[in-house]
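Take a look at the structure set out below.
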Amino acid sequence: MDLSYNASVTDDVFTAAADSESSAKLPNLKRLNLTACPVTDKMAPFVLLKLPGLRELNVCQTGVGDGTVSAVFFGCPQLLVLVASDCPR
């Protein structure tokens with residue numbers, strides 16, 4: 001799913017989905033591109049809890065920090081590609 005350069009894709013979207021027991025996991029979502037979206041480390045629980053089949057994640061030019069990159073890398077067993085360049089943190 002390519003959501004890159006979308007100013008509407010914020011931490012609030014991911015936080016609400018991660019906290020909601022009614023929102024289902026998305027086991028078939030394999031790719032997520034968040035390049036230049038205004039997201040930070042707050043989006044990590046969504047990725048870890050709701051995307052068990054994620055294989056590719058792109059968080060270039062976002063506010064995601066080292067801790068989130070590490071958590072996603074180790075917490076998503078099927079992850080093959082993690083792109084996190086140009087993140088200021």
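When a residue number appears, it is its place in the shown sequence, counting from 1.
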Where do F14 and V9 land on the side-chain contact (heavy atoms from CB on, under 4.5 Å) test, with the steps shown first?
CA-CA 8 Å; F14 292 107; V9 178; 3.5 Å; yes
Apply side-chain contact (heavy atoms from CB on, under 4.5 Å) to the pair T62 and T40, showing each step before the final yes or no.
CA-CA 7 Å; T62 66; T40 65; over 6 Å; no
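Transitive grouping of hydrophobic side chains (ILVMFWY, heavy atoms separated by less than 4.5 Å) keeps V13 and L49 in distinct clusters. Linking Ile, Leu, Val, Met, Phe, Trp and Tyr residues whenever their side-chain heavy atoms come within less than 4.5 Å places L79 and M1 in a single cluster. Residue V64 is not grouped with residue V81 when hydrophobic side chains (ILVMFWY) are merged at heavy-atom distances under 4.5 angstrom, including chains of intermediate members. F74 and V83 are assigned to two separate hydrophobic clusters, defined by single-linkage of ILVMFWY side chains at heavy-atom distances under 4.5 Å.
From N28, atom CG reaches atom NZ of K30 across 5.5 Å, with rounding to the nearest 0.5 Å. With values rounded to the nearest 0.5 angstrom, T15 atom OG1 is found 7.0 Å from K42 atom NZ. In this structure, CG in L29 is found 12.0 Å from CZ in R55, a value given to the nearest 0.5 Å. Taken to the nearest 0.5 Å, the OG1 atom of T68 stands 7.5 Å off from the CE atom of M43. Atom CG of D11 and atom CZ of F46 lie 12.0 Å apart (nearest 0.5 Å).
Considering only heavy atoms from C-beta on, V59 stays 4.5 Å or farther from T35 through its side chain. Within the 4.5 Å cutoff, no side-chain heavy atoms of L34 are placed close to those of N58. When side chains are defined from C-beta on, L48 counts as touching C76, because their heavy atoms get closer than 4.5 Å. The shortest distance between side-chain heavy atoms of L32 and L54 falls below 4.5 Å.
Between the N33 side chain and the S4 main chain, no donor and acceptor come within less than 3.5 Å of each other. Looking only at distances, no side-chain donor or acceptor of S70 sits under 3.5 Å from a matching main-chain atom of D66.
Nearest heavy atoms, Y5 versus C37: N-SG, 4.0 Å. Scanning all heavy atoms of the two residues, the minimum distance from P77 to G75 falls at CD-O, 3.3 Å. The nearest pair of heavy atoms linking P27 to P52 is CA-CG, 4.0 Å. Taking each heavy atom of P38 and A7 in turn, the nearest pair found is CG-O, 3.5 Å.
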